[in-house]
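These notes are about the structure you will find just below.
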Amino acid sequence: MFGRYFLMLLSLVSLGWIVFVGYDLLDRRDRISPNHVFTVKDGEILIINRSDEVQAEDLDFSVNEQIKPVFDNLMKRVFQNERIYVSEKRPLIIVELARIWNADLVSDYLMTKQLEHHFSKDGEIVVMKNFQVRFKKNHLLISTGLKIEAHEAETWPLWDGKASASIIHLKKPLKSTNIYFKDDGTVSYQTKYGPLLHCRKIDDYDYFAQFLPSKLESYHFYEKEFAQKSKVISQSSPIYQWMEDGMVLFQYEGASCILSDYNKSIDPMQMLLSDSDESTDMMGNRFRNIQLTKDFPRKLSEGFYIGKVGDKVLVSDKKEALERIMADYQLGNTLALDGEKATEVYGKMPKKVSERLALDKDFYTLSSYKNLLIRTGLYSFEKDTDLADIRNEEPEDKPEHENSSFSTGQETAYILGNGNIIFAIGKQNEIVALSNKKQLWKVTLDGTIIGRAKLVDINENGKQQLLVSTDRKIYVINTQTGGNVNEFPLALNCQNPVSTYRWNGKSNFLAVNTNNELVQIDENGRVLRRLKLSASQVSDEVDVYKNGKTLTAVVTGKNKVQSVDLDRNRNGKNLSFLPQNHFQLKNDNGYLYFSLEGNTLNKYTLQGQKTAVASGKKLKVKKLYRGKEQLLAYCDGISVVLLDKMGNTVQRTPVNMGDVEDFDVITSRSGTVYVAVLEGIENNIYLFGASGQKLSEQSFEGKGSVKLSEEQGEIVITSTLDRNIIQHYGVVD
């Protein structure tokens with residue numbers, strides 16, 4: 001009897017267990033809590049604990065592009081006691097509340113966030129037409145309809161629920177970064193790492209500020225062991241062997257430099273000599289094929305130069321920069337004696353650190369303590385922030401003008417651009433981009449540059465590219481990064497500068513190769529077709545215009561000018577003579593051509609009509625742009641004159657300058673016209689208004705060429721000086 005009851009009881013328990021396990025499995029599959037949804041596939045996970053404190057743009061975190069519109073709305077308005085989890089890799093967000101979600105609460109939450117939503121026929125909640133919403137218990141999931149399957153709960157690293165935000169790294173080893181936004185404008189990061197990051201903290205101001213030049217353009221300090229454990233240097237590196245406490249990596253006049261201390265029992269020069277090969281230039285203290293840090297020198301074959309500043313070792317990849325820094329030290333032009341610059345570098349950040357990055361887009365320090373690496377980032381050094389208020393001191397009187405100089409690898413042929421980025425085009429194959437008093441990038445092209453580079457917009461979206469051809473390749477360069485666009489560069493042996501035109505909503509390019517073929521190229525850098533030309537020795541750009549219903553190209557050779565029917569890819573009739581090395585202005589009737597022949601500037605039409613425009617012994621002529629409008633400008637030493645696309649005079653500015661080397665004209669965004677003239681005898685630049693009034697009582701140093709630009713509402717003068725680019729700011733009195 002007892003056995004029968006026991007079997008019945010055992011059966012009921014087993015049945016109950018089966019039901020419980022089945023329910024638990026079903027429930028687990030439907031769980032949408034963070035630990036059951038996020039995986040290593042999500043990359044990093046951002047947790048917003050206090051949405052009222054967090055400025056999302058100041059977080060070092062990239063939200064998945066698909067779901068970013070939803071995230072941006074979530075961050076605009078605060079909902080009480082919310083916690084938001086965001087995936088880096090997948091379009092996935094979880095919102096956690098202390099309350100249990102229901103349909104009314106979901107609707108109230110989405111309305112607060114001003115997120116457009118509706119309930120579908122089958123009861124699903126759809127947000128912004130593309131995102132689905134599910135909820136269970138106190139978690140709400142927003143995604144693009146991904147099949148989200150719950151899994152066994154992941155083990156998460158410890159993170160601080162009282163921080164403004166946290167970033168979780170689920171890859172081994174686990175890591176969490178807690179972020180604290182503070183009222184004083186700083187953001188403190190605390191990240192728990194392993195014990196390998198135990199490093200000393202150093203007062204880098206006391207160590208290095210009295211030896212560094214005041215005009216350094218970047219600053220990155222590393223304590224010795226921290227640099228090695230961060231893999232900036234290796235234990236086998238000579239600089240690790242001679243260094244005692246730390247080093248500063250910095251940029252100066254376009255050169256990469258390192259300043260370090262050294263153990264007085266070690267002679268760095270002798271150490272390098274013992275490590276160097278036969279390519280060492282002992283007379284110039286130049287060493288090749290020796291790697292000091294992971295990024296220095298940038299090219300082993302070019303090497304670096306070494307010297308001493310006080311009791312510190314100085315290394316630079318440019319000999320001229322090394323010598324200038326030594327001179328700055330002797331003259332007292334140091335960071336320690338420039339209070340404003342020193343404050344900018346060291347500011348309100350910790351005094352003793354293991355790493356410090358300053359004068360960059362990011363300002364931060366890293367200090368190690370036990371197993372905790374504390375990162376303090378100073379986000380108050382934004383361009384729209386009053387730096388004087390941050391430092392709690394009165395700003396100094398602004399000098400009449402300041403300048404920045406950049407060393408280049410070769411002489412500059414001309415300067416291009418009038419916006420936030422200026423391009424120095426070298427006489428051989430180098431292009432340097434400058435922006436906001438810094439060198440943005442530098443590229444070396446394959447071959448020798450032909451003709452003039454130009455700024456184009458191949459996608460008609462307001463984003464410009466740099467179009468340039470060499471005798472070996474055609475380049476379309478991203479102006480922000482210096483990288484190549486689409487499938488460019490295209491290998492092509494050119495004899496003339498590449499030109500571009502729009503047709504049927506797409507950009508095309510034309511160039512003449514050394515086989516005397518007209519080569520048509522699409523916007524992706526692919527050759528569409530070739531045509532053998534009758535005109536030869538083509539040195540000018542090919543012009544394109546619509547002749548009736550026919551797309552026509554005009555090719556100017558040395559002894560012949562011919563037309564080409566681009567639609568049918570065939571040669572057309574010969575045209576009236578045009579001189580080579582001309583300037584062209586496109587208008588409704590085709591083109592006007594201008595050529596400086598002897599002491600006369602002549603105007604030509606395609607019909608062969610020739611008219612003298614101006615004359616003078618030292619005429620200077622250049623093509624300018626006012627927005628998309630093409631203008632021709634010339635200077636005869638008495639006036640600077642602008643001609644519109646029909647060849648009519650639209651502006652005449654008296655300058656009365658004897659020997660003009662170069663000139664430039666710019667119309668600012670406010671509509672004000674500025675004229676700069678470079679006088680060629682004493683190499684002085686003068687700035688005028690449209691009517692000829694001097695806008696500054698002082699002149700500005702320059703040589704070779706001059707370019708005007710506008711950066712953040714300020715007029716900037718850029719010129720060349722031997723192998724240097726010099727920029728003048730604060731030029732308008």
Side-chain angles (χ1 to χ4, degrees), residues 214-215 217 253 333 338 340-341 383 387-388 395-406 412 414-424 434-438 618 620 622 624-626 631 633-642 650-722 724-733:
S214 60
K215 290 187 178 181
E217 297 146 15
E253 296 188 347
N333 299 326
D338 188 334
E340 183 174 355
K341 193 65 168 282
K383 60 186 178 184
L387 202 58
E396 297 179 7
D397 291 335
K398 185 179 178 181
E400 291 185 359
H401 89 276
E402 55 180 324
N403 61 55
S404 300
S405 60
F406 305 86
T412 299
Y414 56 93
I415 306 167
L416 187 65
N418 54 24
N420 289 330
I421 306 178
I422 289 292
F423 306 93
L434 309 175
S435 179
N436 196 25
K437 304 180 184 179
K438 293 181 180 179
K618 297 182 179 179
K620 299 290 182 180
K622 61 168 51 178
L624 302 174
Y625 292 86
R626 186 160 53 193
L631 301 168
Y634 69 86
C635 180
D636 56 9
I638 300 172
S639 302
V640 173
V641 181
L642 296 186
V650 294
Q651 179 182 305
R652 184 181 296 273
T653 301
V655 294
N656 294 320
M657 201 72 58
D659 192 339
V660 175
E661 180 71 19
D662 194 21
F663 70 96
D664 196 28
V665 183
I666 187 176
T667 301
S668 71
R669 284 184 279 274
S670 64
T672 304
V673 176
Y674 298 90
V675 179
V677 178
L678 171 57
E679 186 269 327
I681 297 177
E682 296 184 357
N683 295 323
N684 288 325
I685 301 169
Y686 298 90
L687 188 64
F688 300 90
S691 59
Q693 75 277 23
K694 276 192 175 182
L695 299 179
S696 177
E697 290 303 317
Q698 59 182 317
S699 60
F700 306 96
E701 189 178 18
K703 187 179 180 182
S705 59
V706 63
K707 188 68 182 173
L708 290 171
S709 61
E710 183 178 9
E711 291 187 16
Q712 301 172 6
E714 181 181 6
I715 297 300
V716 180
I717 297 175
T718 304
S719 185
T720 55
L721 202 61
D722 298 323
N724 294 283
I725 301 295
I726 184 167
Q727 292 191 295
H728 300 276
Y729 294 80
V731 296
V732 180
D733 290 342

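Quick note: numbers below take in every heavy atom, side chains included, and nothing from hydrogens, waters or symmetry partners.
- The side chain to side chain donor-acceptor pair (under 3.5 Å) test applied to Ser709 returns no partner, not counting sequence neighbours.
- Ala424 pairs by the side chain to side chain contact (heavy atoms under 4.5 Å, CB included) definition with Thr412, Val432, Ile725, not counting sequence neighbours.
- A heavy-atom distance below 4.5 Å is found between the side chains of Glu701 and Ile726.
- A 4.5 Å side-chain heavy-atom check between Ile685 and Val677 finds every atom pair outside the cut-off.
- Lys341 places a side-chain N or O within 3.5 Å of a backbone atom of Ser214 that can act as its donor or acceptor partner.
- Between Asn656 and Ile638, the closest side-chain pair of non-hydrogen atoms falls below 4.5 Å.
- The backbone N or O of Arg652 sits nowhere less than 3.5 Å from a side-chain atom of Ser639 that would complete a donor-acceptor pair.
- Of all the heavy atoms in Asn436 and Tyr729, the pair that sits closest is C-OH, 4.2 Å.
- Although no hydrogens or angles enter the test, the distance criterion places a donor-acceptor pair under 3.5 Å between the side chain of Asp664 and the main chain of Leu708.
- Rounding to the nearest 0.5 angstrom, the gap separating the CD1 atom in Ile415 from the CZ atom in Phe423 is 12.5 Å.
- Side chain of Glu711 to backbone of Val716: no donor-acceptor contact under 3.5 angstrom is found.
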(request) Report the C-alpha distance between Val665 and Leu642 in whole Å, list the side-chain angles of each, state the deciding distance to 0.1 Å, and finish with yes or no for side-chain contact (heavy atoms from CB on, under 4.5 Å). (result) CA-CA 9 Å; Val665 183; Leu642 296 186; 4.1 Å; yes
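- Between Val732 and Tyr674, some side-chain heavy-atom pair lies under the 4.5 Å cut-off.
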(request) Start with the C-alpha distance between Gln651 and Val641, add both sets of side-chain angles, then the distance that settles side-chain contact (heavy atoms from CB on, under 4.5 Å), and finish with yes or no. (result) CA-CA 6 Å; Gln651 179 182 305; Val641 181; over 6 Å; no
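- One distance of note links CD of Glu661 with SG of Cys635; it measures 11.5 Å at 0.5 Å rounding.
- Looking only at side-chain heavy atoms (C-beta outward), Phe700 and Val731 come within less than 4.5 Å of each other.
- With rounding to the nearest 0.5 Å, the separation of CD in Gln727 from OG in Ser719 is 10.5 Å.
- Side-chain contact check for Ile717 versus Val706: some heavy-atom pair is nearer than 4.5 Å.
- Contact between Ala633 and Leu624 at its shortest, heavy atoms only, is CB-CD1, 3.6 Å.
- For Gly417 against Ile422, the heavy-atom pair with the smallest separation is O-CD1, 3.1 Å.
- We find the NZ-OG distance between Lys622 and Ser705 to be 7.5 Å, quoted to the nearest 0.5 Å.
- With hydrogens and angles ignored, the 3.5 Å screen pairs a side-chain donor or acceptor of Glu217 with a backbone N or O of Glu253.
- Atoms CG and NZ, from Leu416 and Lys707 in turn, are 6.5 Å apart once rounded to the nearest 0.5 Å.
- Contact detail for Phe663 and Lys620: the closest heavy-atom pair is CE2-O, 3.5 Å.
- Across every non-hydrogen atom of Leu678 and Gly704, the tightest pair is CD2-N, 3.6 Å.
- Contact annotation: the side chain of Leu631 never approaches that of Tyr625 to less than 4.5 Å [non-hydrogen atoms, C-beta and beyond].
- No donor-acceptor contact under 3.5 angstrom links the side chains of Ser668 and Glu710, judged on distance only.
- Interatomic distance, Phe688 CZ to Gln693 CD, rounded to the nearest 0.5 Å: 9.5 Å.
- In this structure a side-chain-to-backbone donor-acceptor pair under 3.5 Å is missing from Asp659 to Glu679.
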